[in-house]
Amino acid sequence: MSFSSCVKPFPQLYLYPSCFHSHVSGTTTSSSLSLPPRSSLVLKQNTIFHSEPKLQLKRASTTIRCSALTPELKTTLDKVVTTNKIVLFMKGTKDFPQCGFSNTVVQILKSLNAQFETVNILDNDLVRQGLKEYSNWPTFPQLYIDGEFFGGCDITVEAYKNGELQELVEKAMCS
């Protein structure tokens, strides 16, 4: 029997290799999983591998996830983003950035003589979490130009280098 014929998908189950059951002795051991030297085994999520030693399986619990982006917060973010030509959601302030990536974007915007507002996401955890959903972007800083999400630090740096950012900033400040 080939190894590949032993692999069967099994949704909602996850492998916990720290504990396994030995078919030979019938005992349960709480040590790390060790496989015979010739076995090559790639563990993938939601897959059961039928080989010695058998892995203990535990059913994953159902996770209920609450949205941090409440209707009120969305309305507030919409207002902040649309009433400011350029807004940067960042760690710290433009005068005292508390993150290297935030500082990089601030320095780029200052070098372009852009007039921009900043929101310190460290002041409010709900705002920080809600923004991740609002923009569908997991990291900070987050730059918005003319009411649209532009990107984070890497995108801003690249657009600055190729001249695209300067064009967008000039257009936003003239409109």
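- Screening residues 87-118 for ring-ring contact (aromatic ring centres under 6.0 Å, His included), with sequence neighbours left out, gives Phe89-Tyr144.
- Atoms CG and CG, on Asp146 and Leu168 in that order, are 8.0 Å from each other to the nearest 0.5 Å.
- If you run side-chain contact (heavy atoms from CB on, under 4.5 Å) between Pro141 and each of Leu88, Val119, Val106, only Leu88 comes through.
- Looking at Glu133, its side chain does come within 3.5 Å of a backbone N or O of Ala68 through a donor-acceptor pair.
- Glu170 CD to Leu112 CG: the interatomic distance, rounded to the nearest 0.5 Å, is 8.0 Å.
- For Thr70, the side chain to side chain contact (heavy atoms under 4.5 Å, CB included) criterion is met by Glu72, Leu73, not counting sequence neighbours.
- Remark: Glu167 engages no residue in a side chain to side chain contact (heavy atoms under 4.5 Å, CB included) (not counting sequence neighbours).
- In this structure, the side chain to side chain donor-acceptor pair (under 3.5 Å) partners of Thr139, at least two apart in sequence or on a different chain, are Trp137.
- The structure places CG of Asn124 at 5.5 Å from CG of Leu126, a figure rounded to the nearest 0.5 Å.
- Side chains of Met90 and Ile121 form no contact here, defined as non-hydrogen atoms less than 4.5 Å apart.
- Taking a 6.0 Å sphere around NZ of Lys110, one finds it holds more than 12 heavy atoms contributed by other residues, nucleotides or ligands.
- Residue pairs meeting the salt bridge (Lys or Arg N to Asp or Glu O under 4.0 Å) criterion with at least one partner in residues 114-130, sequence neighbours excluded, are Asp125-Arg128.
- Under the side-chain hydrogen bond (donor to acceptor under 3.5 Å, both in side chains) criterion, the residue pairs touching residues 152-162 are Ser111-Tyr160, with sequence neighbours excluded.
- Within the structure, the side-chain hydrogen bond (donor to acceptor under 3.5 Å, both in side chains) test picks out the following pairs touching residues 93-108 (sequence neighbours left out): Asn103-Gln107.
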Check the pair Asn136, Phe149 against side-chain contact (heavy atoms from CB on, under 4.5 Å), reporting the backbone distance first and the verdict last. CA-CA 10 Å; Asn136 198 25; Phe149 176 66; over 6 Å; no

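- Annotation: the span from Ser67 atom OG to Tyr134 atom OH amounts to 13.5 Å, rounded to 0.5 Å.
- The minimum heavy-atom distance linking Ser135 with Gln142 is given by the pair OG-OE1, 3.0 Å.
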Please set out all donor-acceptor pairs under 3.5 angstrom arising from side-chain atoms of residues 79-87, sequence neighbours excluded.
residue, atom, partner, partner atom, Å
Thr82, OG1, Asp78, O, 2.7
Thr82, OG1, Lys79, O, 3.4
Thr83, OG1, Lys79, O, 2.7
Asn84, ND2, Val80, O, 2.8
Lys85, NZ, Ser175, O, 2.9
Lys85, NZ, Ser175, OG, 3.1

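- In this view, Thr118 satisfies the side chain to side chain donor-acceptor pair (under 3.5 Å) rule with no residue, not counting sequence neighbours.
- Of all heavy-atom pairs spanning Ala114 and Val169, the tightest one is CB-CG1, 3.6 Å.
- Residues Val157 and Leu165 fail the side-chain proximity criterion, which asks for heavy atoms closer than 4.5 Å.
- Partners of Asn113 according to the side chain to side chain contact (heavy atoms under 4.5 Å, CB included) rule, which considers only residues two or more places apart in sequence or in another chain, do not exist here.
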